[in-house]
Q: 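Here's a structure for you.
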Amino acid sequence: MSDTPGQNGQQGQRDEAHEPVPTPAAAPEPAPTPEQAQTASTLFAESMAGAARRAGFGAATEGEPISGQALLKAMGGIRGLIEAVLPGLVFLVTYTLTIDPSTDVTSDPIGTLLPSLVAPLVIGVIFVALRAITRQTTTPALGGLVGTAISVALALFSGKPSDFFLVGLWTNAGYGAALLISVLVRWPLIGVAVGFLMGDGIAWRLDASKRRVLTILTLCWTGLFLGRLAVQLPLYLANNVELLASMKLLMGIPLYAPLLVVSWLMVRSVYRKADAADAL
């Protein structure tokens, strides 16, 4: 039996009611304005220049002769050196004095490791308090305290005293890998940071001499981080805590300071030559 016209009209209305309503296409995101692009570029340049200053490259922009005083200032002064070295030294001394080599540390990690782990943590708290009392910036000391606290937590959680140095191993691996990759893709990170620090931006990539020197410099810093990892990782895996702590101290400031001086000399040399060539 055929449908009546009325039935056909009602059926058509029902079909229309169930048809999906087309949604309007999303409007394309507006392109960044020149002002926004300029702001992002400025922020990136400032962050890279700031990273170079924090690494100690700030003295390379100064015309003063390189001296022990300039090197000490770049590493944060006497206080900065003490804050960098003392926690690890305190851990080494306390661990050596309190741990019997024949003791099974994993059987009672808290009771056994607590003195040697709490000691550097207390030192870190004192550093933060001293900076706050003398109204100096607490950021460096707070960063060190957070790092020490994480190291203490890792060692207590695992029951392995060597895990106190795990953060340092990961840091060396991360920095070393990032620097090496940057060289392989021909954007050496030391060059990027120093370029913005010197007000050169990325123009150094068009200068063969600057590009070569800054690439070599990036490889030198890559060697520092990966060299530390190559020496300290086997000691960590062997759970040789005393030697691991000693090598961390010996491969810290004693290697960092001379490489920083070499970096200053190389940066100043290549930029001095470029300035002289531009003046001709």
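Sequential numbering from 1 along the given sequence is applied to the chain's residues.
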Q: Start with the C-alpha distance between T94 and T96, add both sets of side-chain angles, then the distance that settles side-chain contact (heavy atoms from CB on, under 4.5 Å), and finish with yes or no.
A: CA-CA 5 Å; T94 309; T96 304; over 6 Å; no
Q: Check whether I78 and L260 end up in the same hydrophobic cluster, where Ile, Leu, Val, Met, Phe, Trp and Tyr are linked by side-chain heavy atoms less than 4.5 Å apart.
A: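 As far as the 4.5 Å side-chain criterion goes, L260 and I78 are connected within one cluster.
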Q: Start with the C-alpha distance between L121 and L145, add both sets of side-chain angles, then the distance that settles side-chain contact (heavy atoms from CB on, under 4.5 Å), and finish with yes or no.
A: CA-CA 7 Å; L121 201 58; L145 178 60; 4.0 Å; yes
Q: Between A177 and L226, which heavy-atom pair has the shortest distance, and what is it?
A: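 Looks like N-CD2, 4.4 Å.
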Q: Minimum heavy-atom separation for R54 and S47, please, with both atom names.
A: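 Shortest heavy-atom separation between R54 and S47 comes out as NH2-O, 4.3 Å.
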Q: Between the side chain of R205 and the main-chain N/O of R186, is any donor-acceptor distance below 3.5 Å?
A: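 Yes: the side chain of R205 pairs with the backbone of R186.
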Q: Verify side-chain contact (heavy atoms from CB on, under 4.5 Å) between K160 and L166, making sure each step is shown before the conclusion.
A: CA-CA 10 Å; K160 293 175 56 179; L166 197 55; over 6 Å; no
Q: Using the rule that Ile, Leu, Val, Met, Phe, Trp and Tyr join whenever any side-chain heavy atoms are under 4.5 Å apart, tell me whether L237 and L169 fall into a single cluster.
A: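 Yes, L237 connects to L169 through the hydrophobic network.
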Q: Could you state the interatomic distance from CG (L214) to SG (C220), rounded to the nearest 0.5 Å?
A: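 It comes to 11.0 Å.
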Q: When hydrophobic residues are tied together by side-chain contacts of less than 4.5 Å, even through go-betweens, does V183 share a cluster with F57?
A: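 No, V183 does not connect to F57 through the hydrophobic network.
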Q: Checking side chain to side chain contact (heavy atoms under 4.5 Å, CB included) against W221, which of L224, T218, L219 comes through?
A: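 Only one option passes, and that is L224.
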Q: What is the ring orientation for F165 with F91, classed by angle as parallel under 30°, tilted 30 to 60°, or perpendicular over 60°?
A: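 Answer is perpendicular, since the angle exceeds 60°.
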Q: Do you know the tightest heavy-atom contact between A193 and M48?
A: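 Closest pair (atom of A193, atom of M48, distance): CB-O, 3.7 Å.
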Q: Would you indicate whether Y175, at its atom OH, is surrounded by more than 12 heavy atoms from other residues, nucleotides or ligands within a distance under 6.0 Å?
A: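 It does not: Y175 OH has 12 such atoms or fewer within range.
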Q: Name the orientation class of the two ring planes belonging to W204 and W187 (parallel below 30°, tilted from 30 to 60°, perpendicular beyond 60°).
A: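 Judged by the thresholds at 30° and 60°, the geometry between W204 and W187 is perpendicular.
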Q: For the side chain of W264 and the backbone of G56, is there at least one donor-acceptor N/O pair under 3.5 Å apart?
A: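 Such a contact is found between W264 side chain and G56 backbone.
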Q: If I compare all heavy atoms of L229 with all of A173, which pair ends up nearest, and what's the gap?
A: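 What the structure gives for the nearest pair is CD2-CB, 3.8 Å.
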Q: Kindly work out whether a path of hydrophobic side-chain contacts (I/L/V/M/F/W/Y, heavy atoms less than 4.5 Å apart) joins L206 to L217.
A: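 No; tracing contacts between hydrophobic side chains, which count when under 4.5 Å, never links both residues.
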Q: Looking at every heavy atom in both P161 and V241, which two are closest together, and how far apart are they?
A: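 So the minimum-distance heavy-atom pair works out to CG-CG2, 3.7 Å.
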Q: Consider only side-chain heavy atoms of I, L, V, M, F, W and Y, link residues closer than 4.5 Å, and tell whether L259 and V231 are in one cluster.
A: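 Shared cluster, yes.
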Q: Ignoring hydrogens and angles, tell me if any N or O in the side chain of S182 forms a donor-acceptor pair with the backbone of L179 under 3.5 Å.
A: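 Yes; judged by distance alone, with no hydrogens or angles, the pair exists.
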Q: Please step through side-chain contact (heavy atoms from CB on, under 4.5 Å) for the pair R211 and D207, ending with a clear verdict.
A: CA-CA 6 Å; R211 188 173 65 250; D207 186 314; over 6 Å; no
Q: Take atom CD1 of I202 as the centre, draw a 6.0 Å sphere, and report whether it contains more than 12 heavy atoms from other residues, nucleotides or ligands.
A: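 No, not enclosed.
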